[in-house]
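What you are looking at is a predicted structure, and each value in this text was computed from that prediction instead of being measured. Letters A, B, ... are given to chains in the order of the sequence lines, protein chains preceding strands, and every chain is numbered from 1.
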2 protein chains.
Amino acid sequence: MKHKEDYYKLRSEIIKAMSHPSRLFIIEEISKGEKCVCELTDMIGADISTISKHLSVLKKAGIVTDRKEGTTVFYRLRVECIMDFMNCIDNVMKSNAKTSSNAARCCK
Amino acid sequence: MKHKEDYYKLRSEIIKAMSHPSRLFIIEEISKGEKCVCELTDMIGADISTISKHLSVLKKAGIVTDRKEGTTVFYRLRVECIMDFMNCIDNVMKSNAKTSSNAARCCK
DNA sequence: TTCATATTTGGCAAAATAGCCAAATAGCAC
DNA sequence: GTGCTATTTGGCTATTTTGCCAAATATGAA
């Protein structure tokens, strides 16, 4: 590691921001078009403060950005490649499904 | 969410497995060619049990797979697209660097 | 100004994660 | 069998993350 330590730290912070079911849902939803906090809250069904905090995690990581219209805040993706990213994750999942041993261990 | 809940949970488990600096380092290293636990341990400089646990997290998620040769265990990537994935993360980082406000908030 | 709505922030308790040490396991040589 | 090396597992504490509630903030309408 050594000199590259910070680099891996930064990378991992961005990835960590995506590693939550609700935040993945948010990423997928806003990839289709910007959504406000209340819309996402309705869809996910958690407390609005929880959703707001998830959004701030994504924003801090640079994954989403926001836009205010009156009292409503709309969020949208900031970097497009994020969705290709998800295709790769799905490849891992498909691969896990094929390998029953991994599927059993990982996808319980 | 509702019916797709499990899907996001599975995805997030795979992504979470990658969201650690040492595990990212491991992924990058073994993408160049398989490495044994002891080699990775030397490179990272943590306890060998810590590295072993990181590897088991990656294995459980289906990101890496292993091969035993005598007492030595070699790990390698299981799905190739993982490295393209990292290019996207780097795009987010570049984007963060450009936007000073985000850079300040995210990359302290 | 007050009121109402949308969102964020602070604080807390519960749950999950990380990393170390020690002990267990596996494989090979003798 | 014993001894040696490589790796994994168990257990423990410290740290981080999560999600709720309550309070604060922001904006617009009356």
Side-chain angles (χ1 to χ4, degrees), chain A residues 1 5 8-26 29-30 34-61 63-76 101-102 105-106 108, chain B residues 1 5 8-10 12-27 29-30 34-61 63-76 101-102 105-106 108:
Chain A
M1 292 264 250
E5 237 167 280
Y8 289 109
K9 184 96 196 312
L10 285 178
R11 261 192 182 174
S12 71
E13 276 164 11
I14 295 168
I15 296 176
K16 190 176 291 178
M18 290 191 275
S19 66
H20 186 286
S22 298
R23 294 200 291 266
L24 283 184
F25 177 84
I26 290 170
E29 277 308 312
I30 68 176
E34 59 177 18
K35 298 256 182 321
C36 68
V37 182
C38 56
E39 283 176 299
L40 293 167
T41 300
D42 286 346
M43 288 189 259
I44 293 172
D47 194 275
I48 190 168
S49 70
T50 301
I51 307 302
S52 178
K53 278 178 183 170
H54 281 313
L55 286 164
S56 93
V57 168
L58 290 171
K59 191 177 164 187
K60 220 183 254 183
I63 297 168
V64 307
T65 188
D66 59 351
R67 173 180 76 82
K68 203 171 214 177
E69 206 176 293
T71 56
T72 307
V73 181
F74 292 94
Y75 282 84
R76 65 178 184 281
S101 63
N102 274 309
R105 264 178 297 142
C106 164
K108 38 40 177 160
Chain B
M1 292 266 248
E5 234 168 282
Y8 289 108
K9 184 94 194 314
L10 285 178
S12 71
E13 276 164 12
I14 295 168
I15 296 176
K16 189 175 291 175
M18 290 190 275
S19 66
H20 186 286
S22 299
R23 294 200 291 264
L24 284 183
F25 176 84
I26 290 170
I27 289 171
E29 277 307 313
I30 68 176
E34 59 176 19
K35 297 256 182 321
C36 68
V37 182
C38 57
E39 283 176 299
L40 293 167
T41 301
D42 285 347
M43 289 189 258
I44 293 172
D47 195 275
I48 191 168
S49 70
T50 300
I51 306 303
S52 177
K53 279 178 185 172
H54 281 313
L55 286 164
S56 91
V57 168
L58 291 171
K59 191 177 164 187
K60 219 183 259 186
I63 297 168
V64 307
T65 187
D66 59 350
R67 172 180 76 83
K68 201 170 215 178
E69 206 176 292
T71 56
T72 308
V73 180
F74 291 95
Y75 283 84
R76 65 179 185 281
S101 63
N102 273 309
R105 263 179 296 140
C106 163
K108 39 41 174 158

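Note: CG (A:Asp42) to C1' (C:dT5) measures 14 Å, nearest angstrom. The nearest whole Å value for the distance from the CD1 atom in B:Ile26 to the C1' atom in C:dA18 is 13 Å. Summarising the geometry, the separation between CD on A:Glu13 and P on D:dT16 is reported as 11 Å, rounded to the nearest angstrom. Counting to the nearest Å, the P atom of D:dA6 and the CZ atom of B:Arg67 are 16 Å from each other. Between the P atom of D:dT16 and the CD1 atom of A:Ile15 lies a distance of 19 Å, rounded to the nearest Å. In this structure, the CD1 atom of A:Ile48 is 16 Å from the P atom of D:dA26, given to the nearest Å. The separation between A:Met18 atom CE and D:dT17 atom C1' is 17 Å, rounded to whole Å. In this structure, NZ of A:Lys35 is placed 18 Å from C1' of C:dA6, rounded to the nearest angstrom.
Between B:Tyr75 and the phosphate of D:dT8, there is a side-chain N or O to OP1/OP2 separation shorter than 4.0 Å.
For residues 34-43 of chain A, the side-chain hydrogen bond (donor to acceptor under 3.5 Å, both in side chains) pairs, not counting sequence neighbours, are A:Glu34-A:Arg67.
Minimum interatomic distance between B:Ala17 and B:Leu58 (heavy atoms only, all atoms of both residues): O-CD2, 3.4 Å. When all heavy atoms of B:Tyr8 and A:Leu24 are compared, the pair lying nearest together is O-CD1, 3.6 Å.
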Give each protein N/O atom lying under 3.5 Å from an N/O atom of nucleotides 24-30 of chain C, with the pair distance.
residue : atom : partner : partner atom : Å
C:dA26  : O3'  : B:Lys68 : NZ           : 3.4

At a cut-off of 3.5 Å, list every protein nitrogen or oxygen paired with a nitrogen or oxygen from nucleotides 18-24 of chain D, distance to 0.1 Å.
residue : atom : partner : partner atom : Å
D:dT18  : OP1  : A:Arg23 : NH2          : 3.2
D:dT18  : OP2  : A:Arg23 : NH1          : 3.4
D:dG19  : OP1  : A:His20 : NE2          : 3.4
D:dG19  : OP2  : A:His20 : NE2          : 3.2
D:dG19  : OP2  : A:His54 : NE2          : 2.8
D:dC20  : OP2  : A:Asp47 : N            : 3.2
D:dC20  : OP2  : A:Thr50 : OG1          : 2.9
D:dC20  : N4   : A:Lys53 : NZ           : 3.0
D:dC21  : OP2  : A:Asp47 : OD2          : 3.4
D:dC21  : N4   : A:Ser49 : OG           : 2.9

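In terms of the side-chain hydrogen bond (donor to acceptor under 3.5 Å, both in side chains) criterion, residue partners of A:His54 (sequence neighbours excluded) are, by chain and number, A:Arg23. The side-chain hydrogen bond (donor to acceptor under 3.5 Å, both in side chains) check on B:Ser12 picks up nothing, with sequence neighbours excluded. B:Thr72 meets the side-chain contact (heavy atoms from CB on, under 4.5 Å) test with B:Cys36, B:Phe74; sequence neighbours excluded. For A:Lys9, the side-chain hydrogen bond (donor to acceptor under 3.5 Å, both in side chains) partners at least two apart in sequence or on another chain are A:Glu13. Considering only residues two or more places apart in sequence or on other chains, A:Asp66 meets the salt bridge (charged side-chain N to carboxylate O under 4.0 Å, His left out) condition with A:Lys59.
As judged by a 4.0 angstrom heavy-atom cut-off over every strand, B:Ser52 is placed among the base-contacting residues.
Inter-residue side-chain proximity for B:Phe25 and B:Ile44 is flagged as met; some heavy-atom pair is nearer than 4.5 Å. Side-chain atoms of B:Thr50 and B:Lys53, non-hydrogen and from C-beta on, never get closer than 4.5 Å to each other.
A distance-only check finds no donor-acceptor pair linking the side chain of B:Ser52 to the backbone of B:Ser49 [under 3.5 Å].
The overall bend of the helix from C:dT1-D:dA30 to C:dC30-D:dG1, read as the angle between its terminal helix axes built from five base pairs each, is 20° when rounded to 10 degrees.
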